[in-house]
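Encoded as structure tokens, the structure appears first; notes follow it.
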Amino acid sequence: MASDPASPAFARINAAPFGAASSGTAESSVVSFPAFALPPDSVQDSGTRTPELSETDPAIEAGTSVPPMMEPPPTPFTTHSLWGKRFIVIAASMAAFFSPLTAQIYLPALTLLAEEFHVSNAEINLTVTTYMIFQGITPMLIGGFADTAGRRPAYVLCFVIYIAANIGLARCNTFACLLGLRCVQSAGSSTTVALAQAVVADTIQRDDRGKYIGITILPIILGPSIGPVIGGIIAQYLGWRWIFWFLAILGTAVLVAMILFFPETCRTIVGNGSVRAHGIYHTLPQNIKFYRRRSSARKSRAEARATRQTLFGMDPTDQRRRFSTVTMTSSLRTVKFNLAPLNLFSSLTILFEKELGIVLLYSALVFAGFYAVATALPSQFAKLYHLSDLEIGLTYLAMAGGTAMSGIVGYVLDWNYKRYKTKLGIVDIPGQDSDLTDFPIERARLEVGIPLMLLTSLAMIGWGWALQFEAHLAVPCVLLFLIGLGMIGFNNATNALVIDINASNAGAAIAANNLTRCLLGAGMSAAILPMIDAMGAGWAYFLIGILYVVFAPTMWLVMSRGVKWRAQVRERDARKKLKKKEKQEAQSAGGNIGCGTLVVRTQMAHRFLPEVNFIHFHEF
């Protein structure tokens, strides 16, 4: 039966389907081979066997042709769907909401806390200053951790620290405890802003990145807008301790949701999402999918063993032994959890690069104006317009409205980027970002950002003089809207540029951005009220607006020199890699003796223990 061509154990393949028709002979060329005994060299990576056609193959001798192999489809930038990407960015933005919310929800209770702990207003304000300092420093540490260990472990670490700090704050009884735990609370929440923008760099291509970065900026403004309102209501009706209990409960709910549903996005861990990483990176839906796949694979293997036993009468136990190594190699596709050494100063080194240092410092200067407005607004509106705490909180919504409108800037950023690609004749490669080697990405981003910066400068000057002359309340509210639109729109452009230049190290780059922004913001928050008292609101905000204009030429410098500066950075990095490679080769040269000893021992082991085969594929 084994030699009968009609037997089901043989496969008959007509040569005609491979190419040209038969030359008119009565019989077509036939290639016969055992269906379950294919040549060993045809084993594919997937464990299946396929026939190979050689130059002497009967099908080729019969005049048939073999079609060329189909090219594999291009690898997508990410495996997540459109709504999957939207869910990821919105979830990261919700997590980033905790940093500004925690900073502002605490402010209405400052007077109650000063009375509770018997300290002065200046001393209780130290809890605000130290919060902002740690808000700038901590992302440098956890941002580097997120680039090596992944986004999910970084989020878990942040929220565990944050929840523990809030529980401690809700139960603290001394001012020293309050001051220390506020620093810990800031350390837990502050990095979520940097992580949100790093997630955008992981999942969104450069063509669409502008509008998604705009989404991540919204929490930075909405937090200060609604935080004081929520904090004032809780402090008035439940007491100041319930502010921290509320944050702890809310943080716990978000942490559980992130663990269950937020996927790992770090490209060094999961690539474009197709790499199956260590189990700590899996979400609940992913675990369910993997379980179903394993169950289906086990069922398929069981059916295959039953088929082989039916056809050949072989023992299933022997079949399991023969196929054990193949099964083993196909199952070991999970990337192990490997924490690379952290570069704690990577964010600081970014500040000393020409292009990024200029962009980050100027962006921080512009954003410091937000703290100048937000810090002085309560006292100025209460003094000039006699508004209550709740009414003052509602005026922040004007700036929030401008921030929401700045989402349009993201679409303009994407349009201008694509315009430059079309102008330069750059053809997109599906699933890949365009090469920025000679691409003027600085112009594509800052041509949109600079007009918004000028709008911010004019609105800032107008805001100061509106307060100085006690204009109608509608005037400063309109100016708040314009400040939110211009300032956040400009920061959207600079954030997109920072991520474009440092997509592979986005966590550290955004942490550097956060550092400069928070430190300058803390200084501006402390200086603005003394400036208003000394020179009046009009001249104080006029000075801030003029600083924007005076340092604006640095942005034109970035647009004209950016491509050259990036080339210098690449050359420097290439020299560092070459030196590192030469050093590794020199070190490996000294280890050749040890390697030779290992080979000799391995050969001796196979001589005296021939039955031990650590990796052995049996023919069948």
Side-chain angles (χ1 to χ4, degrees), residues 100 103-104 107-108 110-111 121-122 125 128-129 132 220-221 223-225 227-229 232 362-403 452-491 517-552:
Q104 302 298 324
L107 298 182
L110 289 179
T111 304
N121 290 331
N125 283 338
V128 179
T129 304
M132 295 188 67
I220 299 177
I221 302 301
S225 300
V229 179
Y362 186 78
S363 174
L365 174 64
V366 173
F367 200 80
F370 165 77
Y371 293 102
V373 173
T375 303
L377 187 150
S379 61
Q380 295 299 307
F381 274 16
K383 175 183 176 182
L384 300 176
Y385 302 105
H386 309 289
L387 301 181
S388 65
D389 291 340
L390 180 58
E391 291 171 336
I392 291 173
L394 293 176
T395 60
Y396 281 96
L397 296 179
M399 184 179 289
T403 302
L452 294 169
M453 178 274 299
L454 296 176
L455 172 64
T456 304
S457 178
L458 294 175
M460 187 69 66
I461 295 173
W463 162 264
W465 290 113
L467 296 180
Q468 182 80 18
F469 292 106
E470 300 184 18
H472 190 275
L473 181 60
V475 176
C477 287
V478 171
L479 292 171
L480 283 175
F481 176 87
L482 295 178
I483 290 174
L485 172 61
M487 183 181 299
I488 304 306
F490 174 76
N491 275 270
R517 183 178 296 176
C518 289
L519 292 184
L520 287 182
M524 186 63 73
S525 299
I528 187 61
L529 289 178
M531 288 173 61
I532 293 176
D533 294 338
M535 63 180 71
W539 288 110
Y541 288 101
F542 175 81
L543 178 61
I544 296 173
I546 288 298
L547 286 176
Y548 292 171
V549 178
V550 169
F551 290 100

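For the single chain, residues carry numbers from 1 onward in sequence order.
- Atoms CZ and CE, from R517 and M524 in turn, are 14.0 Å apart once rounded to the nearest 0.5 Å.
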Criterion side chain to side chain contact (heavy atoms under 4.5 Å, CB included) on I488 and F367, from CA distance to verdict: CA-CA 8 Å; I488 304 306; F367 200 80; 3.7 Å; yes

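- In this view, F551 satisfies the ring pair (Phe, Tyr, Trp, His ring centres under 6.0 Å) rule with no residue, not counting sequence neighbours.
- Side chain of S457 to backbone of G545: a donor-acceptor contact under 3.5 angstrom is found.
- Here the straight-line distance linking atom CD1 of I546 with atom CD1 of I461 works out to 4.5 Å at 0.5 Å rounding.
- Nearest heavy-atom pair across C477 and A398 is O-CB, 3.5 Å.
- Using a 4.5 Å heavy-atom cutoff, the side chains of M487 and M460 are in contact.
- Here the closest heavy-atom approach between residue L452 and residue G489 is recorded as CD1-C, 3.6 Å.
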Taking it one step at a time, do L377 and W463 satisfy side chain to side chain contact (heavy atoms under 4.5 Å, CB included)? CA-CA 11 Å; L377 187 150; W463 162 264; 4.0 Å; yes

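- Put simply, CG on L458 and OH on Y548 are 12.0 Å apart, with the number rounded to the nearest 0.5 Å.
- Shown here are the side-chain contact (heavy atoms from CB on, under 4.5 Å) partners of L519, two or more places apart in sequence or in another chain: L515.
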Stepwise side chain to side chain contact (heavy atoms under 4.5 Å, CB included) test for V373 and M399: CA-CA 10 Å; V373 173; M399 184 179 289; 3.8 Å; yes

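- Nearest approach of A540 to I528, heavy atoms of both residues: CB-CD1, 4.5 Å.
- Among pairs with a residue in residues 522-541, those fulfilling side-chain hydrogen bond (donor to acceptor under 3.5 Å, both in side chains) read T375-S525, at least two apart in sequence or across chains.
- Qualifying side chain to side chain donor-acceptor pair (under 3.5 Å) partners for T456, counting only residues two or more places apart in sequence or in other chains: none.
- Atoms OH and SG, on Y371 and C518 in that order, are 5.0 Å from each other to the nearest 0.5 Å.
- A search for side-chain contact (heavy atoms from CB on, under 4.5 Å) contacts involving Q380 returns A376, L384, L467, I532, not counting sequence neighbours.
- Residues Y362 and F490 meet the side-chain proximity criterion, which asks for heavy atoms closer than 4.5 Å.
- When all heavy atoms of Y385 and P476 are compared, the pair lying nearest together is OH-CG, 3.8 Å.
- Counting all heavy atoms, side chain and backbone alike, L482 lies closest to A459 at CB-CB, 4.0 Å.
- The two residues L547 and L365 make their nearest non-hydrogen contact at O-CD2, 4.2 Å.
- Sorted by first then second residue, the side-chain hydrogen bond (donor to acceptor under 3.5 Å, both in side chains) pairs that include residues 465-484, not counting sequence neighbours, number zero.
- For the atom pair CG of L397 and OG1 of T403, the computed distance is 10.5 Å after rounding to the nearest 0.5 Å.
- Note that the CG atom of L387 and the CG atom of L473 stand 6.0 Å from one another [nearest 0.5 Å].
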